[in-house]
Amino acid sequence: MFRSALSKTASARAAIMSSPSTFVRNKHTLPALPYEYNALEPAISEQIMKLHHQKHHQTYVTNLNAAEEKLAAAVNANDVKANIALQAAIKFNGGGHLNHSLFWENLAPTSQGGGKLSGGALSDAIEKEFGGLEKLKGDFNAALASIQGSGWGWLVKDASTGRLKIVTTANQDPITGDKVILGVDAWEHAYYLQYENAKVKYFDAIWQVINWDAATKRYADTSKSKL
């Protein structure tokens, strides 16, 4: 899901720039969830999941498609000013699409192993870098709580050192250098209907439904993937 979204966004922009007169752009689409909207309760309510997926993520997809259509027209017209003006919309909505596509994969119902980290390379790396899963959770939640306004928290594999680290990004800025292992949405729309202003409770609860199997696979794939 996430890789498909990333590939479509990158290839669409490259094709627009390299062959504006012949390129036929494939539109981005809202990915289906791999579980029911109520499957993550009580950690994340059905109401929030429906709103978050059907409304918020869909809006990023819709606006990204519109921005890319305008970009294609600007490139065809050799309108450099319009091209430049569209970059912010593409970054914001493209980032929103990429980030949310990954976020849905990051989650799993407890009945399907959500919240359970098995032994293996990722578990060993977390132990080495943070001193264990509980310490990682504490450090990650502290990073999430430090975000001013809207943003995301990420566990990534540093592209230079190969070590795990926690980083945050503002708004819908995606991770573009390091290798993403997992990400948590810290925007109000991800929690407010359920947790109101007690966002730290959301940060605590989401670990109950983190899909560690997906994160472990992503970690194993980092040496052979551009994710």
Side-chain angles (χ1 to χ4, degrees), residues 1-14 28 31 33-35 57 60-61 64 87 90-108 112-147 150-187 190 203 206-207 209-227:
M1 183 191 301
F2 172 68
R3 289 185 181 130
S4 175
L6 179 62
S7 177
K8 284 183 179 179
T9 300
S11 61
R13 294 183 66 186
H28 304 281
L33 296 183
Y35 37 75
H57 190 173
Y60 296 123
V61 171
L64 176 60
Q87 297 308 308
I90 291 173
K91 179 181 179 181
F92 181 76
N93 292 292
H97 180 36
L98 295 177
N99 293 343
H100 283 87
S101 295
L102 184 144
F103 184 58
W104 309 132
E105 291 183 349
N106 262 57
L107 306 174
Q112 297 176 21
K116 298 177 183 177
L117 174 62
S118 301
L122 177 58
S123 178
D124 292 344
I126 289 173
E127 182 68 35
K128 178 179 179 180
E129 197 63 45
F130 300 100
L133 181 57
E134 293 307 310
K135 185 63 165 58
L136 165 65
K137 291 178 183 179
D139 291 352
F140 200 103
N141 285 3
L144 287 171
S146 73
I147 294 172
S150 301
W152 290 74
W154 305 96
L155 177 66
V156 302
K157 183 177 179 180
D158 189 285
S160 298
T161 67
R163 296 174 62 179
L164 292 177
K165 65 180 182 181
I166 297 166
V167 298
T168 61
T169 56
N171 300 314
Q172 292 296 349
D173 292 0
I175 298 293
T176 57
D178 298 324
K179 310 301 182 180
V180 174
I181 307 304
L182 65 87
V184 173
D185 191 346
W187 280 62
F203 299 154
I206 200 168
W207 296 102
V209 290
I210 289 294
N211 187 344
W212 285 110
D213 287 345
T216 297
K217 184 178 186 303
R218 197 172 287 119
Y219 182 75
D221 289 346
T222 52
S223 62
K224 50 188 177 184
S225 169
K226 294 182 180 181
L227 177 55

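Along the sequence shown, residues carry numbers from 1.
- Taking each heavy atom of Val61 and His28 in turn, the nearest pair found is CG1-O, 3.3 Å.
- Within the 3.5 Å criterion, the main-chain N or O of Ala190 finds no donor-acceptor partner in the side chain of Asp185.
- In this structure, the side chains of Asn106 and Arg218 come closer than 4.5 Å at one or more pairs of heavy atoms.
- For the pair Val167/Val156, a side-chain contact is recorded, criterion being any heavy-atom separation below 4.5 Å from C-beta on.
- With sequence neighbours left out, Phe140 forms a ring-ring contact (aromatic ring centres under 6.0 Å, His included) with Trp207.
- Using modelled atom types, one side-chain atom of Tyr35 and one backbone atom of Trp104 make a donor-acceptor pair closer than 3.5 Å.
- Under the 4.5 Å side-chain criterion, counting only non-hydrogen atoms from C-beta, Thr216 is not in contact with Ile181.
- Here the side chain of His100 pairs a donor or acceptor atom with the backbone of Gly96 at under 3.5 angstrom.
- Under a 4.0 Å N-O distance rule, the pair Lys217/Asp221 qualifies as a salt bridge.
- Taking 4.0 Å as the cut-off between side-chain N and carboxylate O, Lys135 and Asp139 count as a salt-bridged pair.
- Leu122 places a side-chain heavy atom less than 4.5 Å from the side chain of Leu164.
- You'll find the side chain of Leu136 reaches within 4.5 Å of the side chain of Ile166, heavy atoms only.
- Minimum heavy-atom separation, Asp173 to Lys91: OD1-CE, 3.3 Å.
- In summary, the aromatic rings of Trp152 and Phe103 are positioned with their centroids under 6.0 Å apart.
- When each of Asn99, Thr169, Asp178 is paired with Trp154, the side-chain hydrogen bond (donor to acceptor under 3.5 Å, both in side chains) condition holds for Thr169 and for no other.
- Ring geometry for Trp187 versus Tyr60: interplanar angle over 60°, hence perpendicular rather than tilted (30 to 60°).
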Practice task
Let me see the working for Leu98 and Leu102 under side chain to side chain contact (heavy atoms under 4.5 Å, CB included), right down to the final yes or no.
Solution key: CA-CA 6 Å; Leu98 295 177; Leu102 184 144; over 6 Å; no

Problem - Leu64/Phe92 under side chain to side chain contact (heavy atoms under 4.5 Å, CB included): CA gap, chis, key distance, verdict - result: CA-CA 8 Å; Leu64 176 60; Phe92 181 76; over 6 Å; no

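- Panel note: side chain Ser123, backbone Gly120; no donor-acceptor pair is recorded below 3.5 Å.
- With Asp158 as the fixed residue, the side-chain hydrogen bond (donor to acceptor under 3.5 Å, both in side chains) test singles out one of Lys179, Lys165, Arg163: Lys165.
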